[in-house]
Amino acid sequence: MTTDPATLRRTLSERVNAGHGPFDAAWQEAVRSVPREAFLGTAAFRHTGTAWEPVYREAVGEEEWLRMVYDDRTWVTQVGGRGAADVAGPVAGAPTSSATSPSLVVRTLHTARLHGDERVLEIGTGTGYSTALLCHRLGADNVTSVEYDRSVAGRAAEHLKAAGYAPVLVTGDGLNGHRAGADYDALVATCAVRHIPVSWLLQVRDGGSITMTLSGWMLAAASIRLTVEEDGSARGRFLACGDAVSYMLARPHERPPRPSFYRHPGVERDTHFPPALLQDPVAHFVAQLAAPSAELVRLDDDIVLLDVATGSQAWTEPHSTGWTVHQSGPLRLWDQVAEALAVWLDAGRPGITAFSVTADPDDQVVSLRGKESVSWRLPN
Ligand SMILES: C[S@@+](CC[C@H](N)C(=O)[O-])C[C@H]1O[C@@H](n2cnc3c(N)ncnc32)[C@H](O)[C@@H]1O
């Protein structure tokens with residue numbers, strides 16, 4: 001296998017385009033030009049099935065490292081706030097920063113429908129790779145990027161400088177945007193959110209766009225490009241997405257810690273919806289819209305819905321002709337989900353592109369084409 005980075009970049013660009021595109025030629029060119037190895041630093045995490053194991057560039061050697069870097073995959077670079085280069089062995093916890101797979105980054109940038117002269121605010125600098133692609137395409141003067149984590153931001157600044165890009169870098173909560181540079185023509189988020197921060201609506205010019213992933217505590221996700229209207233509202237329709245890969249939730253939108261739980265007998269009811277229906281990504285998304293405060297735990301073919309704040313719970317178990325649902329606590333989580341699933345099924349199980357968002361500073365709702373009388377309010 002070649003270890004010439006220019007050849008590896010060309011191959012990566014072709015693979016990304018053939019497997020996930022076609023994408024705007026300018027983004028393909030950016031992937032051919034931006035050295036991903038400059039952004040992965042000296043270590044990344046690999047999941048062993050039980051823990052996150054650091055892989056050090058020095059230990060694997062340059063050839064293997066370049067092979068890893070130019071694989072179209074996400075490399076987790078920080079777990080529970082600890083960078084891969086800063087740990088001596090495997091760690092447990094949830095990923096808190098990563099070098100997102102080039103195909104997902106390019107898909108996001110392509111989705112933003114930029115022409116090449118826009119002023120863009122990026123949320124979630126991470127390694128700086130996507131920031132570098134933006135700089136390559138738009139010129140660094142047009143790019144501002146915000147990163148929440150101080151150590152991640154510090155590394156990204158080093159990487160971008162070394163690669164020759166000088167965008168405006170801000171360390172802070174990107175959910176507040178960056179008012180000093182407003183108004184932006186476009187905002188692109190590479191961390192997911194549960195609702196659209198009001199500052200984003202206020203800092204993007206009329207007619208500008210917000211490209212982001214809407215996710216939540218069930219970890220269902222869908223990407224969307226919203227157009228900001230003159231009256232300060234924003235609208236858009238969700239986009240078809242070939243695979244389930246997604247961005248991590250913005251830190252202030254992360255799920256609360258979940259204590260260990262046992263299944264309460266609760267109040268029983270029958271349901272004719274198989275719990276396995278929630279394996280369908282759109283059904284999963286609908287469930288999350290309907291019960292946004294709940295997490296979803298999958299146990300073989302059964303599910304548990306848990307709302308940590310209220311202690312509400314719903315869980316399923318099969319019987320000879322269907323399923324029993326046990327619900328306890330102040331919220332009837334399964335009832336909420338089942339009602340929404342019934343609407344979706346009645347509409348003929350449409351794909352995610354049948355759903356749209358309307359957001360203004362006071363209210364944000366998702367609605368389903370053909371079922372306009374029903375809508376789901378995003379949590380805030
Ligand atoms: C998936 S990574 C970004 C990948 C990056 N764009 C790249 O190409 O390497 C998500 C990043 O968003 C950051 N993040 C999370 N919440 C944030 C927030 N509220 N404001 C800014 N950055 C945030 C995380 O610290 C993490 O570095």
Side-chain angles (χ1 to χ4, degrees), residues 12 16 27 30-31 34-41 43-45 68-84 93-112 120-137 143-160 163 165 167-179 181 187-200 203 210-215 219 221 223 245-255:
L12 174 66
V16 163
W27 293 122
V31 174
V34 173
R36 196 176 187 222
E37 67 275 26
F39 296 91
L40 262 149
F45 283 108
M68 288 168 51
V69 164
Y70 285 103
D71 217 4
D72 178 28
R73 62 172 279 182
T74 293
W75 285 104
V76 170
T77 49
Q78 195 193 52
V79 171
R82 301 168 77 194
T96 40
S97 191
S98 63
T100 303
S101 68
S103 52
L104 178 54
V105 170
V106 172
R107 191 196 303 140
T108 307
L109 297 175
H110 174 86
T111 296
V120 172
L121 177 64
E122 180 192 38
I123 310 297
T125 318
T127 61
Y129 179 70
S130 52
T131 321
L133 294 176
L134 281 165
C135 291
H136 184 85
R137 171 93 195 265
V143 179
T144 300
S145 186
V146 188
E147 169 57 49
Y148 192 91
D149 185 287
R150 190 164 293 281
S151 68
V152 171
R155 283 200 173 112
E158 286 167 19
H159 298 158
L160 283 158
Y165 300 108
V168 174
L169 295 176
V170 180
T171 306
D173 185 354
L175 303 187
N176 298 325
H178 180 59
R179 208 166 45 184
L187 182 149
V188 176
T190 61
C191 53
V193 286
R194 297 175 76 211
H195 62 84
I196 300 124
V198 171
S199 68
W200 296 5
Q203 292 177 24
I210 297 173
T211 302
M212 50 163 260
T213 300
L214 188 75
S215 185
L219 305 184
S223 58
V245 180
S246 181
Y247 291 109
M248 55 188 60
L249 274 166
R251 299 202 190 186
H253 285 189
E254 273 173 9
R255 302 191 285 190

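Numbering of ligands and ligand atoms starts at 1, following listing order.
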Approximate separation, where rounding is to 0.5 Å, of I123 CD1 and L175 CG: 7.5 Å
Top protein contact for atom 2 (S) of ligand 1, by heavy-atom distance: S98 O, 3.6 Å
Nearest protein heavy atom with distance in Å, relative to atom 19 (N) of ligand 1: D173 OD1, 2.8 Å
Protein heavy-atom partner closest to atom 16 (N) of ligand 1 - residue, atom, separation in Å: R251 N, 2.9 Å
Within-shell test, T125 vs ligand 1, heavy atom, strictly < 4.0 Å: yes
Per-atom contacts, ligand 1 versus T96 - under 4.0 Å to a heavy atom: 24 (C), 25 (O), 26 (C)
Set of residues satisfying side chain to side chain donor-acceptor pair (under 3.5 Å) with respect to R155, sequence neighbours excluded: D86
M248 N/O under 3.5 Å from ligand 1 N/O: no
contact_flag A156 ligand 1 heavy-atom lt 4.0 Å: no
Under 4.0 Å to a heavy atom of T100 - the qualifying atoms of ligand 1, by number: 1 (C), 4 (C), 9 (O)
Residue part near ligand 1, for T74, under 4.0 Å between non-hydrogen atoms: neither
Heavy-atom donor-acceptor pair, Q203 side chain to N176 backbone, under 3.5 Å: yes
Closest contact, heavy atoms only, S151 versus Q78: OG-NE2, 3.6 Å
Atom indices of ligand 1 within 4.0 angstrom of L175 heavy atoms, with elements: 19 (N)
Parallel, tilted or perpendicular: ring planes of H195 versus H253, cut at 30 and 60 degrees: tilted
Partner set under side chain to side chain donor-acceptor pair (under 3.5 Å) for S145, not counting sequence neighbours: E122, T125
D72 side chain to V16 backbone, donor-acceptor under 3.5 Å: no
Heavy-atom nearest neighbour in the protein, as seen from atom 7 (C) of ligand 1, with distance rounded to 0.1 Å: T127 OG1, 3.6 Å
Per-atom contacts, ligand 1 versus S130 - under 4.0 Å to a heavy atom: 5 (C), 6 (N), 7 (C), 8 (O)
Within 6.0 Å of CZ in R251, more than 12 heavy atoms from elsewhere: yes
Residue and atom name of the nearest protein heavy atom (relative to atom 27 (O) of ligand 1), distance in Å to one decimal: S97 OG, 2.7 Å
Interfacing atoms of ligand 1 (cut-off 4.0 Å, heavy-atom, A99): 9 (O)
Taking atom 13 (C) of ligand 1 as the reference point, the nearest protein heavy atom with its distance: E147 OE1, 3.4 Å
Atom 10 (C) of ligand 1 - nearest protein heavy atom and its distance: T190 O, 3.5 Å
Nearest atoms (heavy-atom pairs only) where A112 meets T211: CA-OG1, 3.3 Å
Closest protein heavy atom (residue, atom, distance) for atom 22 (N) of ligand 1: Y148 N, 3.2 Å
Pairwise distance OH(Y247) to CG(L214) - rounded to 0.5 angstrom: 14.5 Å
For A250, the ligand 1 atoms whose distance to one of its heavy atoms is below 4.0 Å: 15 (C), 16 (N)
Atoms of ligand 1, numbered as shown, that sit under 4.0 Å from any heavy atom of G172: 20 (N), 21 (C)
Reported CZ-to-OG distance for the pair R107 and S101, which is rounded to 0.5 angstrom: 7.5 Å
Nearest-0.5 Å distance that lies between atom CH2 in W200 and atom CD1 in I210: 7.5 Å
